[in-house]
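Data block below; observations after.
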Amino acid sequence: MADSTAPARFTRRTFLGWWMAGLLTATVVVGLAPILVYLWPAPPKGQKKLPVTVALDKPLDQLANGEAVKFDAPTSPNTAFIMANGGGDNAPGALAFGGFAVKDTNGKPHVFAINCSHLGCPIAVNTTDSTFDCPCHGSRFHLDGTVLHGPATAPLSDLSWKQGSDPKTIVVDGLELGF
Amino acid sequence: MDWSSVSEVAIPHPREIQVAVVEWLDERYPFTKSVDEALYQRVPNFANAFYYCFGGMVFILIVLQLLTGILLSLYYVPDATGIPAPAYTSVQFIQNTVYLGWLIRGVHFWGANLLIIMVLLHMARVYWTGSYRAPRELNWMVGVVMLLLILAFSLTGYLLPWDQKAYFATEVTIKIAGLPPPPQLGEFIREILQGGPVVGPPTLQRFFTIHVFLLPALITLLMYVHFRFIRAHGISEPM
Ligand code: HEM
Ligand code: FES
């Protein structure tokens, strides 16, 4: 270890002291580790990803430009939608319990998760202004999902979706929660 | 690696860190004094025999039961309504799905069994060394109550998995509890325990509350009394 000319301040005593402190710490960690493992949530048995068929109140192709319809995630069995993207409070892979199918003012269809990108409150359609408004802190979004007014800074999250075989329906990526 | 440069760095011995923390604490409350008063007690030589450890082992087992019990309660659902009942399925979930759930449940189960053995051994040693005699009669009585509490723990805990064994074992024990004559009294005891005319969801609710709220509080209190008595009397001299 220390050569004979250097001042040996890292002494045998110090080394042994740290060795014992290390052993003590390791013992505590070994004791606590199984508890932490036990506390880590195991996925419920029935939990699985699956495409969810959602019947819209008004079929997408019949929506006028600037019109939106709200839909909810099925509750029996309990299911959530999976966000395809998102910033702020939303993130890809995060879950949403509802959404909006919308034709923006240019006639382009979108399917958004219901959660505001600020702190996740469910947004609502403002039919007068053709916007999405958040009741919590006043964020507002254009119908194409982009921010019109803060505090939100990120656009709304898209859901991954495709047109269902029945034109009244869309098929959205979801997660059956298993409880 | 050039160790001579490492040795230039003044690496503190862990004790220096320990001393710094303890001094900070002691300036605010005399922790060292209190802990010393509590722990620096001479154990008389005659009390070094292994059977004087039994009471301490009971204490450690009870702490283990409290810890594993708290962990189990994170997943256990005390609800016996429906088939299968959440009480049953939540225990299956702990056993088969929760990470290391089988381990925590197993420790709680075997700890409960060991506990009874150790309490009986402890009691046997107190009897064997004649330590129940004056002036320690009260501590013997406290001990008897704790023995009954331990048995009540086992009885109420046995029902919680809500499987066939749990259900019918509890039916039998409640039937026994309902034997004392006159029949009206037996019937009264039975209904109070069951929370209704049969062993059902109200029974589980009662047993659960007794098992996780009432008994732990009582036994903690009584252990404190038990240990204060021991400190007051000192360990008894052999006969
Ligand atoms: C239920 C949990 C119990 C715990 C945690 C416990 C714990 C202890 C401990 C740590 C001691 C110190 C001496 C030793 O360990 O042998 C002790 C002493 C004693 N215990 Fe217990 N005990 C329990 C139950 C009982 C029972 C069931 C009885 C008898 C009915 C009993 C009667 C006594 C008496 C009389 C002493 C004093 C012995 C002496 O001074 O030599 N205890 N107990
Ligand atoms: S959560 Fe929508 S504005 Fe804050």
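By convention in this document, chain letters (A, B, ...) are assigned in the order of the sequence lines, proteins followed by strands, and residues within each chain are numbered from 1. Atom set for the values below is all heavy atoms of this structure, side chains included, hydrogens, waters and symmetry mates excluded. In this text, all values refer to a predicted model and were calculated from it rather than measured experimentally.
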So which part of B/Ile17 gets closer than 4.5 Å to some heavy atom of chain A, the side chain, the backbone, both or neither? side chain

In terms of heavy-atom proximity below 4.5 Å to chain A, should B/Leu71 be classed as side chain, backbone, both, or neither? both

Please classify the contact of A/Leu16 with chain B as side chain, backbone, both or neither, using a heavy-atom distance under 4.5 Å. neither

Using ring centroids (six-membered ring only for Trp), state whether A/Phe100 and A/Phe71 fall under 6.0 Å. no

Can you tell me which of B/Leu67, B/Leu74, B/Thr97 forms the most heavy-atom pairs within a distance under 4.5 Å of chain A? B/Thr97

Take the SG atom of A/Cys136, take the SG atom of A/Cys116, and say whether they are under 2.5 Å apart. no

Check residues 36-49 of chain B and write down every donor-acceptor pair under 3.5 Å in which the side-chain atom is one partner and the other belongs to a residue at least two apart or another chain.
{"residue": "B/Gln41", "atom": "NE2", "partner": "B/Glu37", "partner atom": "O", "Å": "3.1"}

Plane angle bin for B/Phe50 and B/Phe54 - parallel if under 30°, tilted between 30 and 60°, otherwise perpendicular: perpendicular

